[in-house]
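Report on the following structure.
Sequence lines set the chain letters: A, B, ... in the order given, protein chains first and strands last, and positions in each chain run from 1. All of these numbers come straight from a predicted model, not from anything done at the bench. Excluded from the calculations below are hydrogen atoms, water molecules and symmetry mates; all remaining heavy atoms, backbone and side chain alike, are included.
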Amino acid sequence: MANISLIPCGDFKTRYAADTTIFPTRTSRNFAILGVALLLLCPAFMDRYWLNLCIQIGYLGIAALGLNILVGFTGQISIGHAAFFGFGAFSSAWLSNSFGIPVALAIPLAGVMTTAVGMLFGIPAARLKGLYLAIATLAAQYILQDFFSRADWFTGGTAGTIAEPFSLFGYAFDTDESFFYVVLVYVVVMYILATNLMRSRDGRALVAVRDHYLSAEIMGINLTKYRTMSFGISSFYAGIGGALYAHYLQFVSVEGFTILFSIQFLGMIIIGGLGSIMGSLMGTAFMVLLPEVMQAITTALSGTAIDAALNLREAIAFLREMAIGLVIILFLVFEPDGLAHRWKQIKAYWKLYPFSH
Amino acid sequence: QKIPVGHLADQSGATSDVGVPFGQGVADALAYINKNGGVGGTTMDVETVDYGYQAPRAISQYKKWSSGSGKVAAIQGWGTADTEALTGFVGKDEIPYYSGSYSGHLTDPTGKGPHGSKPAPYNFFYGPSYSDGLRAMLMWAADDWKKKGGSGKPKYVHMGANHPYPNAPKEAGEQLAKELGFDVLPAVQFALTPGDYTAQCLTLKQAGANYAYLGNTAGSNISVLKACQTVGAQVQFMGNVWGMDENAAKAAGSAANGVIFPVRTAAIWGGDAPGMKIVKEISKVSDAAGTAYRPVHYVSGICSAFYMKEAMDWAKQNGGVTGPNIRKGMYQKKDWVPAGLEGVCVPSTWTETDHRGMDKVNLYRANVTGDTGGSVDELVKAGTIKLEKIATVDVPRKPEWLGW
Amino acid sequence: MNAATATAAVTPASAPAPVPGTAKAPLLSVNNIEVVYNDVILVLRGLSLEVPEGEIVALLGANGAGKSTTLKAISGLLKTEDGEVTRGDISFAGERINGIDPDKIVRRGIFQVMEGRRIIGDMTCQENLRLGAFTRRDGGVKDDIEMVYHYFPRLKERTGLAGYLSGGEQQMLAIGRAMMARPKLILMDEPSMGLSPLMVKEVFSIIRQINKDLGVTILLVEQNARMALQAATRGYIMENGKVVLDGTAEELRNNEDVKEFYLGGGNEERKSFKNLKSFKRRKRWI
Amino acid sequence: MSGAPVASPRGYAHPADATRAASPSDTIFEARGVSLRFGGVQALTDVGFSIRKGELFSIIGPNGAGKTSMVNCISGRYRPTDGKVYFKGQDITGMTPNHRASLGIGRTFQNLALFGHMTVLDNIMVGRHHLLKNNFFTGSLYWLTGARKEELAHRREVEEIIDFLEIQHVRKATAGTLSYGLRKRVELARAIALKPDLILLDEPMAGMNLEEKEDMARYIVDLNEEFGMTVVMIEHDMGVVMDISHRVIVLEFGKKIAEGTPEEVLADPRVKRAYLGEDDEEDEAVAPPPKQEVA
Amino acid sequence: MTLLFQLLVNGLIVGALYGVVAMSFVLIYKASRIVNFAQGEFLLIGAWTCWWLLTSWQLPFWIGFPITLAFMLVFGIVLQVVVLRPMIGEPIISVIMVTIGLSIFFQAMMKWMFGVFAKPFPTIFASPTVNILGLDVQTVYVMSLVISLLIMAGFGWFFKYSRMGLAMRATAFDQQVAQSLGISVRHMFAMSWAISAMVSAVAGVTVGVVNGVSSALSFFGIKVFPAVILGGLDSVAGAVLGGLIVGVLENLAHYLDSQWLNWGNMYEIAPFYVLIVILMIKPYGLFGTKDIERV
Ligand SMILES: Nc1ncnc2c1ncn2[C@@H]1O[C@H](COP(=O)(O)OP(=O)(O)OP(=O)(O)O)[C@@H](O)[C@H]1O
Ligand SMILES: Nc1ncnc2c1ncn2[C@@H]1O[C@H](COP(=O)(O)OP(=O)(O)OP(=O)(O)O)[C@@H](O)[C@H]1O
Ligand SMILES: [Mg+2]
Ligand SMILES: [Mg+2]
C-alpha cells in the first residue's frame with residue numbers, strides 16, 4: 001500500500017488553514033460542488049431503475065464508509081457489518097412504529113442505537129487483534145441475526161416488520177425520485193462528517209492505532225477506548241445506512257442481513273480502497289453495478305448468434321455469476337490497492353504531466 | 001404492441017434446486033402461450049431474469065420493469081426474498097406479482113384479516129399457502145394416527161430454521177395440531193444448509209415424536225432425513241411444498257421413503273389427465289425430444305403462468321391489459337382452471353378480500369425403493385422413485401385463518 | 001562535482017575504472033544502474049561499482065543516499081518493494097542477474113543481510129539459523145550452527161522466540177544466519193547498527209574472518225566508516241544515488257573530505273558533540 | 001494547555017535554571033528496586049536510580065543488558081515484576097502508557113515505530129493527542145465546534161518543531177517511505193510534540209553517519225538546554241555519550257554495575273571489560289572529550 | 001443420560017470433521033496469512049470430483065478417492081499459479097478478497113457443471129453405519145476421523161521439524177525476508193494451497209457421502225471459522241481440537257436447549273458465545289502463537 005509522497009507542482013500554501021481543507025485546490029472543490037449539483041438534477045432524467053441503483057449505492061455507501069473507518073482506518077477487520085446494518089434498519093422501523101417517532105428523527109436515533117450495540121460487540125476489540133477479532137465480529141453477526149429472528153417485539157420476528165416511508169413536514173418521500181434526495185443529503189453529510197473526523201484528533205488517533213498501536217499508546221492514545229469507539233462509529237454509519245434502507249423498502253426482514261452481505265461490504269471497501277473515504281463510495285458503486293452490468297450483458301447476449309452457437313441458455317446464469325467472480329479477481333490482480341489508489345494515480349499523472357516520471 | 005411481462009427466477013442462487021424447474025415451467029408456459037395465439041392475439045414480451053436469490057438485485061430489476069414506457073403488466077416472481085421485499089412496491093405500482101412464495105400473509109389482500117399484517121393486494125400464488133399445506137398434512141396425520149390405531153396423543157413437532165420461510169406456517173400449524181389433539185413438542189431447529197443434524201434426530205427419537213414437519217428447503221431436509229435414518233428415529237416426516245420432490249427423494253435415497261408432502265397440481269408428470277397433453281406440449285419448448293422428466297415444480301410453474309394468462313385474457317376484453325385489470329381478471333371466476341389444463345391445475349378461487357386460491361390440498365407420499373443412482377427419469381421409470389397420491393384434504397377457507 | 005576537494009589519488013566515479021591490481025573480472029559488477037520506486041521516485045541515478053572476488057568492499061554514504069537500495073537491487077529484493085532497475089545491468093560471476101527473482105539469486109550465491117535485522121520473530125534462534133541454510137543441501141548444517149554459536153555464545157543461551165531478543169542479539173542472529181548460507185558474496189547492510197562497542201569490534205573481526213576463513217566476498221554498507229574502511233580493501237562513497245568517490249580503503253582513509261565527513265575530525269582534534277550546537281555545515285561533492 | 005497558542009515563541013517554557021539541579025526535590029524520575037522477568041529471562045534485577053530535573057541522563061550497557069527494558073518500564077510498556085517507578089514524586093508503576101504520556105513522558109523507539117502510512121505531519125500531530133481537546137463528535141463537525149481553530153493552533157506549533165528538526169521538505173511525505181535517518185528524526189519530532197518533561201531516546205543515533213550524529217546530538221542538547229526537557233538516552237556511541245550526557249548508568253545482565261559522570265563511569269574497569277573491550281585500538285572514539293563550552 | 005452421552009459422542013465425531021476443514025484453513029494461513037474464503041468451494045470441488053469419478057466412471061471408492069486427492073493437489077497448484085501468484089507481495093486483505101472472488105466463481109462453476117440438484121453418493125461402505133458406544137455413526141465419519149488424525153500428526157511434524165515446514169512459516173512471517181533467505185515464496189504458496197485443497201477434499205467427500213453432494217456444502221467453509229479461531233489460527237493441532245470442541249459444544253447446546261431451555265437454534269449460536277468468552281480469556285485461542293509485541 002505504498003503511497004506516492006510527491007506534492008504536485010503548483011501546490012503552494014501560505015496559510016495552514018488552506019493546507020487543511022478537504023479539497024486541495026479551488027478547482028477540485030468547485031468540481032465537487034458541481035458534481036453534487038448535477039446529482040440534484042438526476043431524478044429529472046433518470047428512470048427508477050437508475051435512481052434505485054443510485055439509492056442503493058447511497059445507503060450501502062454510507063454503511064461501507066463506516067466499515068472502512070473500522071477496517072481501513074483503524075485496522076480492525078469486521079465480518080459482521082451486515083448485522084449492524086440490519087440493526088439500524090430494525091431500530092428505525094421500531095422507533096417509528098412503536099413510539100410514533102417521525103422517521104426523519106428515527107433515522108439518526110437508530111444510528112445512535114446501533115452505535116451502542118456496536119460498542120458492545122466492540123468490547124472484545126480491547127483484547128483481540130487481527131483475525132481473532134474478525135471472528136469475534138463473525139460471532140456478532142450470528143448472535144445478532146439470531147436475535148433478529150427471536151425478538152418479536154423489536155423486529156417482528158421472522159415475519160419481518162413494516163417501516164414507514166420517510167416524511168418531512170407532511171410530505172412523504174416514498175418514491176424513488178423523492179427518496180433519492182433524502183439519500184443524497186445523508187450521503188453528503190455523512191461523507192463530510194467522516195472527512196472531518198479523519199482530519200481531526202480522533203480520526204488521526206484511529207489511524208495511529210492501525211499503523212502502530214504500541215507506539216500509539218505511548219503517544220497518549222487510549223487503545224481500548226479508540227478500538228471500541230471505532231466499532232461505535234462504524235456501527236453508527238451502518239445504522240444510518242440500514243435505517244435508510246428500511247424506509248426505502250418500507251419492509252425489513254431478517255433474511256437480508258446474512259454473512260454473505262457482510263462479506264459483500266468487505267468487498268466494497270477493499271475494491272474501493274482501504275483507508276479511503278471516497279473509495280468507499282466507489283467500491284460500493286462497483287459492487288452494486290457489477291451484477292447489473294453483467295445482467296445487461298447477459299440480456300444483450302441472449303437470443304443472439306453467440307447464444308445460439310454456444311447454446312448458452314441455461315448456462316448463461318452461471319456464466320454471469322462466474323464472470324462476477326472473475327471480474328473481482330482480475331480487478332484485484334491488476335489493482336490490489338483499490339479504486340481510490342488508481343484514481344489518485346490518475347490525478348497524480350495529470351498533475352505531474354509531462355513530468356510523470 | 002406486446003404485453004411486457006417480467007419473470008424473476010432463481011437459477012443460480014441458494015434456492016436454485018427448486019427454482020430451476022419452477023422457473024423453467026413458467027418460462028416454457030409463457031413461450032408456449034406466445035406461440036399459440038398469445039393473450040387474445042397479442043404476444044407477451046417476457047424477460048426472464050435470474051436474480052440469484054438476492055433481494056437487492058430483485059429490487060433493481062423490479063425498478064427497471066416498473067418504470068418508463070416498458071412498464072410490465074405483471075410479474076412472475078419467485079421466492080421469499082424477492083416477494084417480501086417487493087410486496088409494498090407492487091401494491092403501490094399496481095403490478096400483479098405471481099410468486100412461488102406461499103407465506104400465509106400474502107393471502108390477505110386488504111391486511112384486515114385477524115392476523116392483519118401489511119396488505120398484499122397484488123400478490124398471487126397458485127397453490128396452498130404454507131400454512132394450508134401444513135394444515136392439510138396435520139388433518140391427514142390425525143386420521144392416520146387413528147387409522148394406525150396409535151394410542152394416546154400423537155406427538156407433533158415443527159422443524160426448520162429460524163427464518164421467515166420455514167417459520168411462516170409454524171404458529172398456524174401448532175395451533176391446529178393442538179386443536180386436533182396432538183401433543184405439540186417444542187420446535188426443533190436446523191439450519192438451511194446441509195450439515196450434521198444427528199443431534200436433532202436423537203432428540204426427536206428421545207422425545208418420541210410421531211409427526212414432524214420439515215420446513216426447510218430440500219438440501220437441509222435431506223440431511224435431516226439421512227441423519228434420522230442413521231440413528232433410527234421412527235418419525236413420519238411431512239415436507240414443505242418446496243421441501244420434497246423427485247430430486248430430493250433421489251438425493252436422500254431410502255431415507256426419503258414415506259415422506260408426505262403437498263403437491264400443488266391435480267396430476268403429476270406422467271399422470272393421466274386431459275390437461276396433460278398441453279403440459280407435454282409445453283415441455284417440448286425446452287426439450288424438443290420430449291423425453292425429459294418434469295418434476296412437480298415444473299408443472300406448478302405452468303399453472304402459475306396460465307392463471308395469469310387467463311386473467312390477462314379477461315383484462316384485454318375489459319379495458320386493456322393493465323395491472324389493475326389483470327387483478328380483476330383473477331376475481332372473475334370461481335373454482336376455475338385455465339382452459340386446457342383441466343385435471344392438471346387444481347380449481348382455485350381468488351376474491352378481492354381473500355387470495356387463498358386453493359382449498360383442496362393433494363398429499364403425496366414419496367416411495368423410494370432401492371439404490372438411487374442414475375437420473376430421475378430412469379429412477380421414475382424404473383419405479384425406484386414413486387410419488388403416490390394418498391389423500392386430498394379439504395382445507396376450508398376459514399375467516400380466522402385468512403392471512404395466517 | 002567538487003573535484004577540487006578530492007585528492008588526486010581518488011578516481012572520479014563517473015567513469016568506473018577497472019579495479020587496479022586485479023586482472024580477472026570482478027565477482028560482482030554493477031553498471032550504471034538506475035532505480036525507480038513506485039514508477040515515479042528515482043533513487044539511483046547511474047550507479048556503478050565493482051566487487052572483486054575475495055575482498056571486502058565498503059559502501060558508505062549519508063542517510064537516504066541509496067545504499068540499501070543498491071544492495072536490494074543486487075539481491076533482487078527491490079522487486080518486493082515496488083522498485084525496479086530501469087537502466088544498466090548487474091552481473092555476478094560473469095552472468096547478468098538483474099530481473100532474476102531474489103530466491104534464485106540466493107541460490108547463485110548472493111546473500112543479503114537486510115537492514116534492521118529482520119529475523120523471523122516467531123521462531124527460535126536455532127530455527128532461524130537452520131533457515132539461513134535453506135538453500136544448502138550438504139550435511140554440514142549442524143556443524144555450522146555450532147560455529148555460529150561459537151562466534152555468538154549469547155545466542156545459544158537464548159532458547160525462546162527470536163522476536164524477544166534484544167536489538168543487538170537480533171543483529172547477531174542476522175549475521176549468523178548469513179554465515180549459515182555459506183554464500184559466495186554477502187551483502188551486509190549496516191551490520192554494526194545497534195551493537196555495543198565491544199560487539200562492534202567483534203562483528204568486524206567476524207566479518208574479516210568470514211572473508212578470510214570461509215573465503216566469502218563481502219559488500220559492506222556501513223555508517224561506522226572508520227571500522228568499515230579498516231576492514232575493507234576498497235571503498236565507494238555515494239551521495240544522492242551516485243558514487244561520488246571511490247578508491248582503495250587506504251586512499252579513502254587519507255582523503256580529507258572523507259576524514260571530515262565520515263571519520264570525524266580532519267586535521268584537528270575530534271570535535272565534541274557538545275560544541276556543535278547551532279553550528280551547521282553542508283558538505284557535498286555535487 | 002488549552003488549544004490556544006502559547007506565549008513563548010516556541011511554545012516551550014524555559015526552565016528558570018537550566019543548569020543541573022542539586023536538591024533531591026528536583027528529582028523528576030526515580031526507579032526503586034526495579035526487577036523484570038520474562039519467563040526464564042531476568043531482564044532487570046533490582047535496578048534503582050534517580051534522574052534529576054533538567055538532566056541529560058544516559059543508559060549504556062552491552063546488548064541484551066536490559067536498557068530498552070528499563071526504558072519500557074519508564075514509559076509503561078512493561079510493568080516491573082518487582083519494584084516501583086516514580087515520576088514527579090508520583091507512583092506510576094501501575095499506570096497505563098497513555099496515561100503516562102499525558103503526565104509528560106515521551107519517547108522514541110529502538111526499532112522504528114512510526115505510523116508508516118501517515119504523513120510526517122500527521123505523525124507529529126498524533127504526538128499532540130493529549131493536548132488537543134476535540135473529539136470524534138466535535139471533530140466531525142469541524143467548523144462548528146472550534147475543532148478547526150484548535151487544529152490550526154496546534155498545527156502552528158507542530159510546524160515549529162518541524163522547523164527545529166529541519167524536516168520541512170518531507171512534511172507531506174508518507175513516513176514509511178523515508179530513509180532510516182529521516183524516520184528517526186520524525187520520531188524525535190513526534191516525541192517532542194508531546195511536550196514531555198521527560199523524553200526517552202532509545203538509540204537515537206543508530207544507523208547514522210557522523211554528520212547526522214552531529215545533527216542529532218545538536219538537537220538533543222538543544223532539547224535539554226533550550227527546551228528544558230529531561231532526557232534519558234540509550235546510546236552505543238561512546239563519543240556521543242561521553243560528550244553530551246551529564247550522568248550515566250551502566251547495566252549488565254540486567255544489573256546496574258556503575259553510575260556517575262561519564263568520566264567516572266568510563267574509568268570503571270568493570271565497564272571497560274563488559275562493554276568497551278580491553279584493547280585500545282579503537283580508543284580514539286571514546287577518548288575523554290574536549291572541554292565543554294556551553295553556548 | 002444416554003441421550004447426553006450419544007450427543008457427546010456425536011459431537012466428537014462431527015467435530016473431527018470440522019477439525020479437518022479447520023486444518024485446511026490453518027495450512028494456508030500458516031504459509032501466507034491468507035484466510036481462504038473459498039475453502040468451502042474446495043470442499044465442494046473435491047466432493048463433486050469424487051462423485052463424478054464414482055458415478056460416471058464407475059470407479060470403486062478406493063481408487064476414486066486417491067485420484068480425487070491427486071486432482072485436488074494439482075488443482076491447488078494450478079490455482080496458485082494462475083490466480084494467486086500475481087498477488088504475491090500485495091496487501092493480504094486484497095488477497096483475501098480474491099479468495100472471495102474465487103468462491104463466487106467456483107460456486108457458479110460447480111452449479112453449471114454438476115447442476116443445482118443435490119446428488120447422492122453411491123454406496124461406499126458395505127455397512128453404512130458403525131455402532132460406536134451405542135450410537136450409530138456413518139462409517140465415512142469414522143474414516144474421516146482416522147484420516148484427520150493422521151494428517152494432523154503429519155503436519156505437526158512437518159511444521160516443527162522439516163525444512164519446508166520451516167520455510168513455510170518463514171514465508172508467512174515475512175515474505176521479503178523469506179525471499180532473502182532463498183525461499184521461493186511461490187513454491188511455498190503453491191505447496192500450501194495444494195495441501196490445503198487436498199485436505200478439504202477429504203472433508204468434502206465425507207460430507208458428500210453423508211448428505212449427498214450439493215452446492216450448499218460449501219457453507220462448511222464458513223461454519224468452521226469458530227473452530228479455527230478457538231484452536232488458534234496457526235496451530236494444526238489447535239484446529240483439530242477447536243473442531244472437536246465446537247462439535248461437542250453444538251451437541252451440548254442442543255441438549256440443553258431441547259431438554260430445558262427450548263429457545264431453539266442454540267446449537268448454532270452457542271458456540272459463538274463460548275468462542276467470545278474463550279477469546280476474552282485467551283486472545284490467541286487455545287494454541288495460537290502470541291504476536292510478538294516489542295518496541
Ligand atoms: N519502498 C520505497 N518507496 C519509495 N521510496 C523509497 C523506498 N525505499 C527507499 N526509498 C527512498 O529511496 C531513497 C534511498 O533510500 P535507501 O534506503 O536506499 O537509503 P540508504 O542509503 O540506505 O539510507 P540509510 O543510511 O538511512 O539506510 C530514500 O530517499 C528513500 O526515501
Ligand atoms: N518481551 C520480552 N519477552 C521475553 N524476553 C524479553 C522481552 N523483552 C526483552 N527480553 C529479553 O530481555 C533482555 C534485555 O533486553 P533489552 O531489549 O532490554 O536489551 P537492551 O539492553 O536494550 O539491548 P540492545 O542494546 O541490544 O538493544 C534480552 O535478553 C531480551 O531477550
Ligand atoms: Mg539503508
Ligand atoms: Mg535495546
Side-chain angles (χ1 to χ4, degrees), chain C residues 71-72 74-83 100-124 126-137 141 160-167 169-170 174 177-178 180-183 186-187 189, chain E residues 26 29-33 81 85-92 94-95 156-191 232-236 238 284-285 287-295:
Chain C
L71 295 196
K72 281 183 230 158
I74 297 169
S75 65
L77 287 173
L78 208 53
K79 273 192 178 174
T80 59
E81 292 191 4
D82 255 348
I100 297 184
D101 285 338
D103 54 282
K104 300 221 174 75
I105 292 184
V106 176
R107 276 162 216 279
R108 287 176 183 230
I110 302 183
F111 194 95
Q112 180 175 6
V113 178
M114 283 198 284
E115 188 174 44
R117 299 153 196 141
R118 308 291 290 271
I119 45 100
I120 311 283
D122 61 9
M123 292 187 191
T124 61
Q126 185 165 2
E127 284 170 334
N128 266 284
L129 292 178
R130 275 172 59 199
L131 269 175
F134 180 78
T135 51
R136 279 171 60 186
R137 295 220 168 253
V141 176
L161 294 184
Y164 293 116
L165 296 177
S166 84
E169 290 163 344
Q170 293 186 356
R177 200 167 57 178
M180 293 299 300
R182 296 239 175 197
I186 298 186
L187 312 172
D189 204 346
Chain E
V26 168
Y29 181 82
K30 242 176 131 72
S32 55
R33 295 282 144 99
V81 170
R85 187 156 289 183
M87 297 297 288
I88 291 177
E90 300 299 350
I92 293 286
S94 301
V95 187
W157 174 85
F158 177 75
F159 281 114
K160 191 87 193 118
Y161 300 108
S162 81
R163 178 169 155 271
M164 282 297 168
L166 277 184
M168 267 198 194
R169 281 164 62 197
T171 312
F173 187 82
D174 188 332
Q175 291 181 18
Q176 195 184 23
V177 172
Q179 278 176 299
S180 84
L181 295 174
I183 297 167
S184 166
V185 172
R186 299 169 177 189
H187 291 171
M188 292 305 129
F189 284 3
M191 216 158 96
L233 258 172
D234 55 355
S235 161
V236 176
Y284 294 93
F287 289 106
T289 12
K290 264 182 80 160
D291 281 348
I292 290 166
E293 301 179 339
R294 289 203 66 199
V295 284

Checklist line | C:Met123, part contacting chain E, at a heavy-atom distance under 4.5 Å | finding: both
Next item on the list: Answer yes or no: is there a side-chain heavy-atom contact under 4.5 Å between E:Gln179 and C:Lys79?
Entry: no
Item checked: Side chain, backbone, both or neither of C:Asp101 within contact of chain E (heavy atoms, under 4.5 Å) -> side chain
Check: Based on non-hydrogen pairs under 4.5 Å, which of E:Val185, E:Asp234, E:Val177, E:Ile88 is most in contact with chain C?
Finding: E:Val177
Next item on the list: Kindly give the heavy-atom pair with the smallest separation between E:Ser180 and C:Val106, and that separation in Å.
Entry: O-CG2, 3.5 Å
Item checked: Over all atoms of both residues, closest heavy-atom pair of C:Ile119 and E:Phe173 -> O-CE2, 3.5 Å
Note to self: Among residues at least two apart in sequence or on other chains, which ones pass side chain to side chain donor-acceptor pair (under 3.5 Å) with E:Glu90?
What the structure shows: none
Margin query: Can you give me the closest heavy-atom contact between E:Ile183 and C:Leu131, atom names plus distance?
Written below: CD1-CD2, 3.8 Å
Item checked: Set of side-chain contact (heavy atoms from CB on, under 4.5 Å) partners for E:Tyr284, sequence neighbours left out -> A:Lys129, A:Tyr132, E:Lys290, E:Asp291, E:Glu293
Check: Non-hydrogen atoms of chain E under 4.5 Å away: do they reach the side chain of C:Arg136, the backbone, both or neither?
Finding: backbone
Checklist line | Structural part of C:Phe134 lying under 4.5 Å from a heavy atom of chain E | finding: both
Notebook entry, point to check: With a 4.5 Å limit on heavy-atom distance, are the side chains of C:Thr80 and E:Gln175 in contact?
Noted result: no
Checklist line | Value rounded to 0.5 Å, distance of CZ in C:Arg130 from CG in E:Leu181 | finding: 13.5 Å
Note to self: As an exercise: rank C:Arg107, C:Gln112, C:Arg177 by heavy-atom pairs under 4.5 Å with chain E and give me the winner.
What the structure shows: C:Arg177
Margin query: Under a 4.5 Å cutoff for heavy-atom pairs, which residue among C:Leu165, C:Asn128, C:Leu161, C:Ile105 has the most contacts with chain E?
Written below: C:Leu165
Notebook entry, point to check: Atom CZ of C:Arg118 and atom CG of E:Asp174: how far apart are they, to the nearest 0.5 Å?
Noted result: 4.5 Å
Check: Which atom names give the shortest non-hydrogen contact between E:Ala170 and C:Ile120, and what distance separates them?
Finding: CB-CD1, 3.8 Å
Checklist line | Among the listed options C:Val113, C:Ile110, C:Asp122, C:Thr135, the residue most often paired with chain E at heavy-atom distances under 4.5 Å | finding: C:Asp122
